[in-house]
Amino acid sequence: MSQLIERHSRKAARILDSARELVLDHGVHKVTVSEIARAAGVGKGTVYLYWPAKEDLILGLFARELLAFMDEITTCVSADPATVLPHRLAPLLVRTGLKFPLARRVQSGDADLLRLLTQQAGDRELFARTTPSALCEAGMPIHHRHGLIRHDRPLPELTYAVHAVLTGFGAALSDPATAALGVDPDQVLADTVARLLEPAVAPGDQAVAAAAEEVLVFLRQIRKGMLDLIERSQTLQQ
């Protein structure tokens with residue numbers, strides 16, 4: 001059976017949807033299994049049929065969001081390797097990240113959710129690899145090796161700068177009230193990242209393809225870890 005039990009059970013899918021809404025509205029600490037079950041229209045025992053505890057359900061829910069994020073980026077890069085060029089990748093990362101509200105809740109400092117995600121050493125290491133700063137630290141050396149970013153500035157400085165830019169644009173785009181009339185934020189972000197990172201001479205197709213393949217290997221490694229975590233979090237694994 002697929003690790004994603006919601007593909008085989010409508011009840012499991014409703015439980016996950018209800019848990020997501022309740023956690024977003026009230027936070028991890030205040031939400032109970034009874035409330036999740038009631039919102040999903042199932043008995044409390046049905047929740048425990050799929051997850052041994054509320055913490056396992058929330059852990060699996062968060063892993064699913066990150067899995068969906070990785071899958072969307074992977075699909076785009078697989079379809080067009082040039083997506084890894086910094087000026088194209090940056091808007092994709094920010095826009096895709098905004099689709100997943102649990103991840104944004106972690107970034108905003110939800111202490112209860114952060115505590116849950118870091119209880120187990122293996123989970124803590126896996127989630128640490130998916131933070132925006134970690135993704136920058138993993139991706140920038142790949143871009144650097146293949147000439148997709150400039151070499152006239154120290155790599156740690158460029159990594160910090162692009163992380164700051166992505167964080168700032170992510171915060172601005174998450175609040176529609178801050179949008180400036182007549183401005184295309186994605187284009188502004190693309191131009192900013194191009195000026196900040198990209199070399200004067202564009203890399204060749206072979207270099208772009210090689211960088212894309214390395215990025216895909218990294219994303220697939222994260223994906224496998226997320227699927228393993230999802231499977232461990234569930235009661236029904238067969």
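As the structure is a prediction and not an experimental result, all values here were calculated from the model. All heavy atoms count here, side chains included; hydrogens, waters and symmetry mates do not.
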What's the shortest heavy-atom distance between [X] and [Y], and which atoms?
X	Y	value
Ala212	Val77	CB-CG1, 3.9 Å
Ala63	Leu229	CB-CD2, 3.8 Å
Pro185	Leu173	CB-CD2, 3.4 Å
Val23	Val28	CG1-CG2, 4.0 Å
Leu148	Pro199	O-CD, 3.4 Å
Val84	Ala211	CG2-CB, 4.4 Å

(request) Before giving the answer on side chain to side chain contact (heavy atoms under 4.5 Å, CB included), spell out for Leu57 and Leu16 the whole-Å C-alpha distance, their side-chain angles and the decisive distance to 0.1 Å. (result) CA-CA 8 Å; Leu57 169 56; Leu16 286 165; 3.7 Å; yes
Taking NZ, NE, NH1 and NH2 as the nitrogens, is one of them in [X] or [Y] under 4.0 Å from a carboxylate oxygen of the other?
X	Y	value
Arg14	Glu6	no
Arg232	Asp228	no
Arg223	Glu72	no
Arg145	Glu214	yes
Arg88	Asp80	yes

Under a 4.5 Å cut-off applied to non-hydrogen side-chain atoms, are [X] and [Y] in contact?
X	Y	result
Pro101	Glu21	no
Leu216	Glu213	yes
Thr83	Ser78	no
Met140	Val162	yes
Trp51	Ile5	yes
Phe169	Thr192	yes
His163	Thr167	yes
Tyr50	Gln234	no

How long is the span from the [atom1] atom in [X] to the [atom2] atom in [Y], to the nearest 0.5 Å?
X	Y	atom1	atom2	value
Ile73	Leu92	CD1	CG	3.5 Å
Ser9	Leu49	OG	CG	8.0 Å
Thr130	Leu66	OG1	CG	4.5 Å
Arg10	Ile15	CZ	CD1	14.5 Å
Leu135	Leu166	CG	CG	10.0 Å
Gln187	His87	CD	NE2	8.5 Å

(message) Are more than 12 heavy atoms, taken from residues, nucleotides or ligands other than Asp152, located less than 6.0 Å from that residue's CG atom?
(response) yes
(request) Decide if atom OH of Tyr160 counts as having more than 12 heavy atoms of other residues, nucleotides or ligands within a radius under 6.0 Å. (result) no
(request) Please determine which of Glu137, His144, Arg150 meets the side chain to side chain contact (heavy atoms under 4.5 Å, CB included) test together with Leu155. (result) His144
(request) Apply the side chain to side chain contact (heavy atoms under 4.5 Å, CB included) test between Arg64 and each candidate in Leu4, Leu227, Leu59; give the one that qualifies. (result) Leu4
Taking the side chain from [X] and the backbone from [Y], do they hold a donor-acceptor pair closer than 3.5 Å?
X	Y	value
His143	Gly139	yes
Lys11	Val42	no
Glu198	Val193	no
His146	Gln206	no
Ser233	Ile230	yes
Lys54	Ile36	no

(request) Would you kindly confirm whether Val183 and Leu98 end up in one hydrophobic cluster when ILVMFWY residues are joined by side chain heavy atoms under 4.5 Å apart? (result) yes
(request) On the 0 to 90° scale, with breaks at 30° and 60°, tag the Phe100-Phe69 ring pair as parallel, tilted or perpendicular. (result) perpendicular
(request) Run the numbers on Arg129 and Gln221 for side chain to side chain contact (heavy atoms under 4.5 Å, CB included), then give the verdict. (result) CA-CA 10 Å; Arg129 295 176 67 193; Gln221 290 173 344; 3.7 Å; yes
(message) Run the side-chain hydrogen bond (donor to acceptor under 3.5 Å, both in side chains) test on Thr235 and Tyr48 for me, step by step, so that the C-alpha distance in whole Å, both residues' side-chain angles and the decisive distance to 0.1 Å come before the verdict.
(response) CA-CA 8 Å; Thr235 301; Tyr48 290 121; over 6 Å; no
